[in-house]
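Inspection log for the structure reproduced underneath, given as structure tokens.
Please read all numbers here as calculations on a predicted model, not as lab measurements. In what follows, chains are A, B, ... by sequence order, proteins preceding strands, each numbered from 1.
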Amino acid sequence: MFELGILSNSIHLPANFEKTDLDMNLYPNLLTPPMDSPTSSMMSPDSDCRSPTHLFTPYQVPHIYSYNPDVVTIRDLPEPCLRMREPPVDKFRFRYKSEMSGTHGSLNGKTSDRSRKQTFPSVELLNYDKEAVIRCSLYQYGREDMAHTRQLHAHRLVKKQGTDEIDDPHNVHVNSDVGFVANFHSMGIIHTARKYIVPELIRKMTILKQEEIARSEHKFRPLTKKEELEMKTIAEKESKCINLNVVCLRFDAYRVVNNIYYPICQPVSSPAINNLKSALTGDLRIVRMDHCTSPCRGGREIFILVEKVTKKNIKVRFFELDDEDNEVWEDYGRFSDLDVHHQYAIVFKTPPYKHADIDKEVRVFIELQRPSDGARSEPKDFSYIPSEMSIGRKRTRLSSDDYTTSFFSADELPITLNTISPSVDHETMTNANNATINSADLEAALKHNNIDSSEFDKICNSLIGPGPMRDIFTAENVSIRELKSLGLVMDTPNSKIRTPLHSGKTEKLSVTEEENPIDRVKSELISFMKTSPSNNRVSLMLEALISGDKYTTSNGNNVLHFLAAEIGTEDEFVTQLLSFVKNFGKKELLNVKNINGQSPLHLAVEFGNELYLKGLIEAQADIAVQDKQGNTPLHVAIVDRVPEGILLTVLDAYHRSNTNIDIYNYDGKTPLHLAVRGKNLNATKLFINCGANVNAAEKKNGYTPLHLAILNRNIDILKYLLDSTKAECDCEDFAQYNPLLLAQELLDSCDKQTFQIFSILESHLKKIGIPSEMLLHNRVHSESDENDDEEDCSNNNNSADDEANIDIIDKYGAVTDFTDACKISLSDILDKSDAWKRLGESLDFGHILHTDAFAAVQHPTKSLLTFAVANGRSVKEIRDCLATLNEKQAVEIIDKMVMKC
DNA sequence: TTCCTTTTCCC
DNA sequence: CGGGAAAAGGA
């Protein structure tokens with residue numbers, strides 16, 4: 001029966017498994033049970049196992065795993081194998097020995113959850129029905145493809161047991177009672193200091209070597225000098241290439257006979273466990289950046305703060321995804337070693353985008369990349385914006401249309417425009433009071449379609465091209481008087497540019513009087529209209545008047561920009577001009593940007609010119625235009641704190657044109673961010689009511705409005721956000737601070753506000769049913785840290801099934817008192833050893849102990865327990881104290897009592 | 001010496 | 001615990 005070794009489920013073995021250099025004929029023998037073992041149909045290690053033929057290497061698994069599918073026959077029973085039920089977490093802080101005092105949390109399972117359920121690495125032995133031992137030990141990760149050729153790691157996998165630490169390997173007995181499952185809990189990883197690496201490796205290798213000797217020689221003996229030397233050489237070689245920041249767990253299953261360990265099956269290895277504290281394996285993260293945009297030609301200097309990196313092992317990667325998430329472009333930030341500051345900041349220059357001539361924002365991503373292991377940070381939003389060249393005087397967009405700018409002739413004009421009916425907006429035109437005569441005049445003019453084309457050419461040329469003809473219709477040729485008679489010249493001819501209402505950034509309009517194109521445009525237009533031009537000519541004329549060089553200042557301001565500064569004048573001209581543009585011109589004429597990227601709308605908002613603003617909106621100017629900083633009129637409105645009327649007007653325009661108000665400017669902020677930052681509660685409410693995303697995060701740092709309100713210590717807005725919006729309380733900024741953490745960080749004993757903020761958040765969380773501990777890093781994590789009791793490595797079916805243990809811990813919640821029987825049992829143990837005194841101390845009853853109140857009674861422990869429970873100490877608390885005092889037996893008794901409840 | 005990285009220490 | 005940082009080591 002034994003000669004049938006391998007079977008259909010050989011898939012557990014690596015494909016190239018049979019390559020091992022051993023005699024396949026041995027294989028059946030290897031599975032023969034040792035003499036003294038109970039005869040069994042199951043495989044057992046063979047006591048006759050021969051020494052491997054290869055040189056000793058401690059990590060090599062005995063060759064019994066080898067098989068040759070050609071030699072073996074098929075058998076019905078599946079082969080034993082190990083299955084990982086729960087891998088360990090992939091990040092863990094390796095602690096130096098000197099750091100191991102106190103409790104420092106154990107190596108949890110990957111699915112372990114702080115608040116819910118703690119899990120541990122665990123494996124299951126399948127297809128095996130006898131008592132077995134499952135071993136967990138620390139191996140190097142990634143050195144070899146196959147688990148069975150992994151090499152030992154020099155770090156120590158220690159298991160807390162009471163006060164002492166047990167080094168790996170850790171053996172757990174399994175049998176059918178525990179479902180052949182082994183849980184490995186309370187383990188930690190000790191970072192072996194460099195100088196101890198070789199001795200540590202030798203220590204571990206010696207253990208394995210001795211086991212191997214016992215296996216092959218059926219006896220235990222110390223190593224020979226030669227063997228020791230051999231190991232030392234290997235250890236020294238290993239120590240040179242060992243990666244100290246990555247380990248993995250390896251699990252082996254053994255059948256133990258006479259204390260000799262015979263492998264049952266192939267070992268399994270966990271995925272990598274990375275050292276959380278190391279810059280080589282720690283999390284990569286961009287915590288903050290000082291810019292989130294770059295001109296598309298690249299070269300912008302950007303400072304980013306990052307989690308620990310090493311200068312020689314870090315890159316800043318930019319990439320772009322298309323709609324299907326395919327990467328369509330990548331490049332790297334430019335920097336040298338010197339630009340990495342103390343492992344926590346990088347100063348670099350952006351790479352150029354693939355196109356140097358983009359005309360609108362391109363969204364890409366930025367992330368950190370670690371060449372050594374290919375790890376990446378979470379990518380952050382980043383944008384390329386048109387470079388100065390293409391922004392600035394945004395004439396390009398217009399001139400890209402087939403005609404316009406220079407030197408067109410009449411024949412080249414598209415005829416199609418002629419067909420546009422002059423659907424003059426009567427409402428607009430007649431709305432303006434007492435405008436009737438003039439507008440009628442113009443209207444009449446418009447109706448005429450019979451302008452002499454040669455005359456038109458002259459006009460056009462005069463406006464656009466240089467040459468003798470240009471003077472014909474210039475302002476000087478039309479007397480002011482004449483204009484006045486037409487009612488088209490304001491009585492405030494001294495149209496001095498007013499200072500903007502707000503911060504002085506509107507220098508753009510401060511130009512000399514002669515440069516101001518308003519009057520000139522006005523007279524041109526009037527003269528032109530007198531000629532009763534055709535629709536298409538009106539259109540071209542408008543284009544010339546608005547975007548033509550002649551009427552544009554060196555700062556790129558045109559007449560529409562200048563009109564923004566004409567506040568409060570109910571000027572017929574303005575109304576007419578806008579109406580003309582709306583009806584005969586191209587919409588883009590309203591959106592021409594000046595050198596700062598501002599459209600007339602920006603300026604209208606900035607100057608607080610509500611009337612004009614409404615006019616522009618009515619004429620369908622683009623409400624979402626962005627200036628050079630990416631600010632929309634809404635951004636401008638909020639930054640400049642314009643009067644509410646203006647703000648409402650702009651918002652209304654967004655609303656009516658169904659435009660998303662969450663536009664990010666090039667500083668990575670939406671208007672809402674600016675409102676909250678400006679402590680502008682009113683605007684904050686308005687924006688949110690208009691559909692702004694309350695949870696939008698700023699692009700430089702990930703702050704949401706909630707973060708901002710807290711950072712600003714702005715209680716009004718904070719309350720509003722919490723009470724009246726869907727602001728999420730668990731959102732994290734780039735540095736992984738959620739609002740509550742931020743508030744905690746802000747706590748300042750000298751500042752009552754900070755306490756108020758914290759408690760507002762806390763009570764809000766309580767209200768919505770989120771335990772605030774969940775959001776705090778140093779959360780009091782559930783006392784489920786259990787049983788230092790029971791089970792040690794060797795014999796005995798210690799069968800520490802942790803799931804059972806965890807169940808116990810759950811049960812503790814329901815048990816409020818000790819049973820009398822339990823108290824008596826505990827007294828039996830603790831009374832005479834005086835351990836009850838220590839327990840009393842631990843429970844903070846020292847003062848009572850000194851009164852000898854307990855010492856006098858027959859069962860001091862029993863009294864103490866009664867007293868403790870009466871004074872609010874929970875059974876669990878007491879149990880844990882005993883565990884700390886290393887009273888294993890007592891703990892066990894309590895556990896048993898709880899189990900029975 | 002200086003500049004980093006590793007190890008220890010502390011809250 | 002997890003974070004921060006000083007002290008010690010190394011080149």
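Around CD of A/E841, the count of heavy atoms belonging to other residues, nucleotides or ligands within 6.0 Å exceeds 12. Within a 6.0 Å radius of OH in A/Y196, other residues, nucleotides and ligands contribute 12 heavy atoms or fewer. Summarising the local packing, OH of A/Y737 is surrounded by 12 or fewer heavy atoms from other residues, nucleotides or ligands at distances under 6.0 Å.
Atom-to-atom, NZ of A/K308 to P of C/dG2 comes out at 16 Å; the value is rounded to the nearest Å. For A/N108 and C/dC1, the CG to C1' distance is 12 Å, given to the nearest whole Å. Rounded to a whole Å, the OH atom of A/Y96 is 20 Å from the P atom of C/dC1. Distance, A/L107 CG to C/dC1 C1': 15 Å, rounded to whole Å. Look at CD on A/E307: it is 10 Å from C1' on C/dG3, rounded to the nearest Å. At whole-Å resolution of the value, NZ in A/K97 and C1' in C/dA8 are 19 Å apart. C/dG2 atom P lies 13 Å from atom CE of A/M100, rounded to whole Å. Rounded to whole Å, atom C1' of C/dG2 lies 16 Å from atom CD1 of A/I189.
Side chain of A/D339 to backbone of A/F348: no donor-acceptor contact under 3.5 angstrom is found.
Applying the Watson-Crick and G-U wobble criteria (two distances, each under 3.5 Å), B/dT1 pairs with nothing in any strand.
A close approach under 4.0 Å does not occur between any side-chain nitrogen or oxygen of A/Q343 and OP1 or OP2 of B/dC4. Side-chain N/O atoms of A/H191 include none lying less than 4.0 angstrom from OP1 or OP2 on B/dT6.
Judged by closest nucleotide on DNA chain C, A/R93 is the one of A/R93 and A/K195 placed further toward the 5' end.
Between the side chain of A/K277 and the base of C/dG4, a donor-acceptor pair under 3.5 Å is found. For A/R194 against C/dG10, no side-chain N or O and base N or O form a donor-acceptor pair under 3.5 Å.
Within 4.0 Å (heavy atoms only), A/E99 reaches at least one base atom of the nucleic acid.
With A/D168 as the partner, the salt bridge (charged side-chain N to carboxylate O under 4.0 Å, His left out) test is satisfied by one option alone out of A/R156, A/K204, A/R135: A/K204.
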